[in-house]
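What follows is one structure encoded as structure tokens, with my remarks underneath.
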Amino acid sequence: MNAYLASVIENVKTKHANEPEFVQTVEEVLTSLEPVIDQHPEYEKVDLLNRMVEPERMFTFRVCWMADDGTWHTNTGWRCQFNGAIGPYKGGLRFQPNVYPGIIKFLGFEQTFKNSLTGLPIGGGKGGSDFDPAGKSDSEIMRFCQSFMQALYRYIGPDVDVPAGDMGVGAREIGYLYGEYRRLKGAFENGVLTGKGFSYGGSRVRPEATGYGAVYYLENVLKHEGESIEGKTIACAGFGNVTWGICKKAAQLGAKVVTLSGPDGYIYDPDGVTTKEKIDYLVEMRASGRNKVKDYADKFGVEFYPGEKPWGVKVDIIMPSAMQNDVHMEQAKKIVESGAKYYIEVANMPTTNDALKFLMEQPGIIVAPSKAVNAGGVATSALEMAQNSERLVWTEEEVDKQLHQIMNTIYQMSVDAAEKYGLGYNLVAGANIAGFQRVADAMMAQGIF
Ligand code: 2IT
């Protein structure tokens, strides 16, 4: 391997030994940049890569909140402003008990490349808390969000850093967060957050955008193989906002999602999650806070497999859309045995590096990376920012059209970037290279700091 690249990866491994998820994403991304670094000695000359793997800044703050029974609780909050070279920091907030700096940094690093790929002016950021929303009442969630924003508001702003949702943070939480921001600032600066409700500046199609974008990207991959999405079966994971959007768009286009998963196992619905009743039920399941996919099996009388993952079920397309490191080597082997031809990552870093490499080596499988496939979410967030700053509202058709175009462009840019560097049809390396190029150009132009 290129000696400079190897030394940067080594630095990160040493410095972040207690943050394996961050090491994992840095290793995955930097490895695929090898031909670029080989051909561009100017990056090594100014040690660009060690700057790229170091967040510009990161805040840690205390978040205290009162439970309904009057007891007080203390959590930790974080916001990582990873890279602002091409625009205000942009990225979601994740509320989940396993959140710690390693998760926030991995997500912030991925976000930097993903946001660059959208072609829109957004830098990379991420934040969250180790707060567990499961089983919390609506008033507990509101008090937590208000307290979180009391700490966060001084670091963000429409031209500074624009958070959004991620796991555990949906439209309800964004509403409470924005209400507190508005109260503190005494101004209607709604461009400070995206994923807002439509009544106070949210964008049409933002709720569906990640899932729709993933399907638009998938259509490009299928077209390359001379295939169409109609009649295809899809295995998804999770049952949150992203999976919901995939089910909805796939159903519109005549395909069907046949698996969903949760922490309790997975369900197999041979008819597909295709009717309005089934698709709407996903929203209800998520809102219930129970976090159990078995509810779907109980309601619609389909098979539930406790404690298992859906990888290995016979389908045409695999879309891991739940969370990081959902697919390890063991699941990757099952996927290969199942004969699926398309492995389309959707969640952030859903595949371990060894499993990803293994899948990419299989001649019969086409692999697409999440930072391209799920970029429609944040791209539509950027469209929300544009509408907020222009003080106007675009129609559903307008937003959807732009989202569709952006996804087509992301796909094409990835294809072209890999080809330019002699890597053939490699969507994974192509996305990393294309995402890197724009941030690198901007950093080089702005001088060293
Ligand atoms: O992972 C992601 O891209 C998000 N959670 C959405 C970020 C955003 O700012 O819309």
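One-based numbering, in listed order, for ligands and for the atoms of each. Note that the structure is a prediction, hence the values are computed from the model and not measured. Nothing fancy with the numbering, it's 1 onward along the sequence.
- Residue pairs meeting the ring-ring contact (aromatic ring centres under 6.0 Å, His included) criterion with at least one partner in residues 150-175, sequence neighbours excluded, are Phe59-Tyr155.
- Under the 30°/60° scheme for interplanar angles, the aromatic rings of Tyr425 and Tyr411 are found to stand perpendicular.
- Within 4.0 Å of ligand 1, protein heavy atoms come from Lys90, Gly91, Gly92, Gln111, Lys114, Lys126, Ala164, Gly165, Asp166, Arg206, Asn348, Val378, Ser381.
- Taking a 6.0 Å sphere around CZ of Arg204, one finds it holds 12 or fewer heavy atoms contributed by other residues, nucleotides or ligands.
- Aromatic ring pairs are classed by plane angle as parallel below 30°, tilted from 30° to 60° and perpendicular above 60°; the pair Phe22 and Phe109 is perpendicular.
- For Pro55, the side-chain contact (heavy atoms from CB on, under 4.5 Å) criterion is met by Cys80, Phe82, Lys105, not counting sequence neighbours.
- For the side-chain contact (heavy atoms from CB on, under 4.5 Å) test, residues two or more places apart in sequence or in another chain that qualify with Glu390 are Leu392, Trp394.
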